[in-house]
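No hydrogens, no waters, no symmetry mates; every other heavy atom, side chains included, goes into these values. Bear in mind that the values here come from a model prediction, so they are computed numbers and not experimental data.
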Amino acid sequence: MNFEKVSVEKQERICIVKINNPKALNALNSQVIEELNQAFDNIAADDDIDVVILTGEGKAFVAGADISQMSTLNAEQGKEFAIAGAKVFRKIELLNKVVIAAVNGFALGGGCELSMACDIRIASSKAKFGQPEVGLGITPGFSGTQRLPRIVGLGIAKELIYTADIIDANEAHRIGLVNKVVEPEELMDKALEMAKKIASKGQIAVRNSKECINRGIETDIETGVYYEAALFGMCFATEDQKEGMKAFLEKRPPVFKKQ
């Protein structure tokens with residue numbers, strides 16, 4: 001598939017995915033959603049990629065879903081549009097690699113929801129976050145009502161969704177919506193720095209940790225603890241575990257085999 005609204009660039013074992021529709025502030029329409037879907041299918045199948053950085057071109061990460069497209073939808077079409085977007089975001093959330101959102105500007109509505117599907121969010125000091133949908137007479141449609149409470153807590157999530165307030169990067173950091181706030185000119189450097197650090201670790205362990213976290217947050221703690229123990233045990237059948245512990249005992253940096 002040839003991409004028109006999404007660009008994909010590989011730098012060693014890191015992949016940078018950029019939504020490239022700046023005239024529309026990278027708004028999510030059906031084309032952008034389908035291109036993201038295909039891009040992440042390709043990334044999932046690429047064993048030479050360990051970490052993904054997702055960002056936007058220009059002044060926005062993603063300013064929201066495309067209102068010009070949504071305004072003409074009927075109830076069934078609206079449901080189908082929401083399902084299509086939510087399916088791609090879930091694919092990103094469950095990807096077998098770590099995904100870092102480098103939020104360079106507006107992350108509103110679908111953009112905020114897209115950032116929340118990523119594992120880690122690093123924000124430019126100029127970034128803005130919010131779920132303004134109720135001001136348009138709709139609910140969040142790409143799983144915002146589900147992920148926002150899980151990330152920031154029930155009360156704050158309800159306040160943000162019910163009021164449609166837009167918050168700056170520092171407030172997003174205060175409530176736990178983003179991990180770090182950096183100056184705009186440092187954003188990609190900091191995202192790459194973190195991506196390289198993650199890529200230097202044992203990737204089976206990183207991916208198993210992601211799977212444990214994602215499964216555990218959606219189940220009771222007893223089930224989560226059992227699942228963690230199972231994947232912990234599986235690590236002892238890997239070369240990474242042997243190399244990591246041998247390096248520790250020999251007081252040297254480990255050299256992990258890339259999977």
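Minimum heavy-atom separation, Ala27 to Asn21: O-ND2, 4.0 Å. Gly244 and Pro254 get closest at one heavy-atom pair: CA-CB, 4.2 Å. Taking each heavy atom of Gly110 and Val62 in turn, the nearest pair found is C-CG1, 4.4 Å. Heavy-atom minimum distance, Ala107 versus Cys112: O-CB, 3.2 Å. Looking at every heavy atom in both residues, Ala82 comes nearest to Gly141 through CB-O, 3.3 Å.
Heavy atoms of other residues, nucleotides or ligands lying less than 6.0 angstrom from NZ of Lys59 number 12 at most. Within a 6.0 Å radius of CD in Gln77, other residues, nucleotides and ligands contribute more than 12 heavy atoms. Heavy atoms from other residues, nucleotides or ligands lying under 6.0 Å from CD of Glu171 number more than 12. Counting heavy atoms of neighbouring residues, nucleotides and ligands inside a 6.0 Å radius, atom NZ of Lys242 exceeds 12 of them. More than 12 heavy atoms of other residues, nucleotides or ligands lie within 6.0 Å of CZ in Phe89, so this atom counts as buried by the packing criterion. The neighbour count for Ile217 CD1, taken as heavy atoms of other residues, nucleotides or ligands under 6.0 Å away, does not exceed 12.
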Do Val8 and Cys15 pass the side-chain contact (heavy atoms from CB on, under 4.5 Å) test, and can you show the C-alpha distance, the side-chain angles, and the key distance before you say yes or no? CA-CA 7 Å; Val8 178; Cys15 182; 3.4 Å; yes
Before you tell me yes or no, could you show the steps for Glu243 and Gln241 under side-chain hydrogen bond (donor to acceptor under 3.5 Å, both in side chains), namely the whole-Å CA-CA distance, both residues' side-chain angles and the distance that decides it to 0.1 Å? CA-CA 5 Å; Glu243 166 61 13; Gln241 175 267 332; over 6 Å; no
Does the side-chain contact (heavy atoms from CB on, under 4.5 Å) test come out yes or no for Val51 and Ile100, once each step is laid out? CA-CA 8 Å; Val51 184; Ile100 300 170; 4.0 Å; yes
Test log, rule side-chain contact (heavy atoms from CB on, under 4.5 Å), inputs Phe129 and Leu177: CA-CA 9 Å; Phe129 295 83; Leu177 183 56; 3.9 Å; yes
Given the rule in the side-chain contact (heavy atoms from CB on, under 4.5 Å) test, do Asn37 and Lys91 qualify, once you have shown the distances and angles that lead to the verdict? CA-CA 8 Å; Asn37 183 54; Lys91 180 177 293 185; 2.5 Å; yes
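Note: Asn29 CG to Asp66 CG = 5.0 Å, rounded to the nearest 0.5 Å. Rounding to the nearest 0.5 Å places CD1 of Ile198 at 11.0 Å from OG of Ser209. Atom-to-atom distance recorded for Asp165:CG and Gln131:CD is 12.0 Å, nearest 0.5 angstrom. Taken to the nearest 0.5 Å, the CZ atom of Arg252 stands 10.0 Å off from the CG atom of Leu249. Expressed to the nearest 0.5 Å, how far CD1 of Ile92 lies from CG of Leu114 amounts to 5.0 Å. Taken from CG in Leu28 to CD in Glu35, the straight-line distance is 11.5 Å, to the nearest 0.5 Å.
Formation of a donor-acceptor pair under 3.5 Å by the Glu93 side chain with backbone atoms of Ala117 is not found in this model. Remark: side-chain polar atoms of Thr163 are paired, donor with acceptor, to backbone N or O of Glu159 under 3.5 angstrom. Side-chain atoms of Thr72 come within 3.5 Å of backbone N or O of Gln69 as a donor-acceptor pair. With Thr219 contributing its side chain and Arg215 its backbone, the two residues share no donor-acceptor pair below 3.5 Å. Formation of a donor-acceptor pair under 3.5 Å by the Asn26 side chain with backbone atoms of Glu57 is found in this model. Of the possible polar contacts, one joining the Gln203 side chain to the Lys201 backbone as a donor-acceptor pair under 3.5 Å is found. Judged by distance alone, with hydrogens and angles left aside, the side-chain atoms of Arg150 form a donor-acceptor pair with the main-chain N or O of Gln146 at under 3.5 Å.
Salt bridge Arg207/Asp50: present, at least one basic N to carboxylate O contact under 4.0 Å. By the 4.0 Å N-to-carboxylate-O rule, Lys257 lies close enough to Glu239 to be salt-bridged with it. A salt bridge does not link Lys5 with Glu34: every distance from a Lys NZ or Arg NE/NH1/NH2 to an Asp or Glu carboxylate oxygen is 4.0 Å or more. Under the 4.0 Å criterion applied to side-chain N and carboxylate O atoms, Arg90 and Glu218 are assigned as salt-bridge partners. Salt bridge annotation for Lys97-Asp46: absent, with no cationic side-chain nitrogen under 4.0 angstrom from a carboxylate oxygen.
In terms of hydrophobic clustering, with Ile, Leu, Val, Met, Phe, Trp and Tyr side chains grouped at heavy-atom distances under 4.5 Å, Leu231 and Val225 are assigned to different clusters. Residues Val32 and Phe106 do not share a hydrophobic cluster, defined by chaining ILVMFWY side chains whose heavy atoms lie under 4.5 Å apart. When hydrophobic clusters are built by joining Ile, Leu, Val, Met, Phe, Trp and Tyr residues whose side-chain heavy atoms come closer than 4.5 Å, directly or via intermediates, Phe61 is grouped together with Ile33. Both Tyr227 and Met234 belong to a single network of hydrophobic side chains, linked directly or stepwise wherever heavy atoms of I, L, V, M, F, W or Y lie under 4.5 Å apart. By the criterion of side-chain heavy atoms lying less than 4.5 angstrom apart, applied directly or through intervening Ile, Leu, Val, Met, Phe, Trp or Tyr residues, Ile14 is not grouped with Leu95; the two fall into different hydrophobic clusters.
For the pair Ile167/Lys128, no side-chain contact is recorded, criterion being any heavy-atom separation below 4.5 Å from C-beta on. The closest side-chain heavy-atom distance from Pro149 to Ile151 is not below 4.5 Å. In this structure, the side chains of Val52 and Val17 come closer than 4.5 Å at one or more pairs of heavy atoms. Looking at heavy atoms from C-beta onward, Thr223 lies in side-chain contact with Asp220 at the 4.5 angstrom threshold. Residues Leu94 and Asn214 are in side-chain contact: their nearest non-hydrogen atoms beyond the backbone lie under 4.5 Å apart. For the pair Ile53/Val99, no side-chain contact is recorded, criterion being any heavy-atom separation below 4.5 Å from C-beta on. You'll find the side chain of Ile49 stays beyond 4.5 Å of the side chain of Arg13, heavy atoms only. Phe3 has its side chain within reach of Asn42: a pair of non-hydrogen atoms, C-beta onward, lies under 4.5 Å apart.
Counting side-chain heavy-atom gaps under 4.5 Å among Ile, Leu, Val, Met, Phe, Trp and Tyr, Ile83 is found in no cluster with other residues. Under the 4.5 angstrom side-chain criterion for Ile, Leu, Val, Met, Phe, Trp and Tyr, Leu154 has no cluster partners at all. Counting Ile, Leu, Val, Met, Phe, Trp and Tyr side chains that sit under 4.5 Å apart, directly or through other members, Phe232 shares a hydrophobic cluster with Phe236, Met245.
Considering only residues two or more places apart in sequence or on other chains, Glu80 meets the side-chain contact (heavy atoms from CB on, under 4.5 Å) condition with Glu76.
Annotation: side-chain hydrogen bond (donor to acceptor under 3.5 Å, both in side chains) contacts involving residues 103-121, sequence neighbours excluded, comprise Thr55-Asn104, Asp119-Lys210.
Side-chain rings of Phe81 and Phe142 approach one another, their centers coming within less than 6.0 Å.
Under the 3.5 Å distance criterion, with hydrogens and angles disregarded, no donor-acceptor pair is assigned to the side chains of Thr238 and Asp240.
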Sequence neighbours excluded and cut-off under 3.5 Å, please list the side-chain donor-acceptor pairs for residues 180-197, or say none.
none

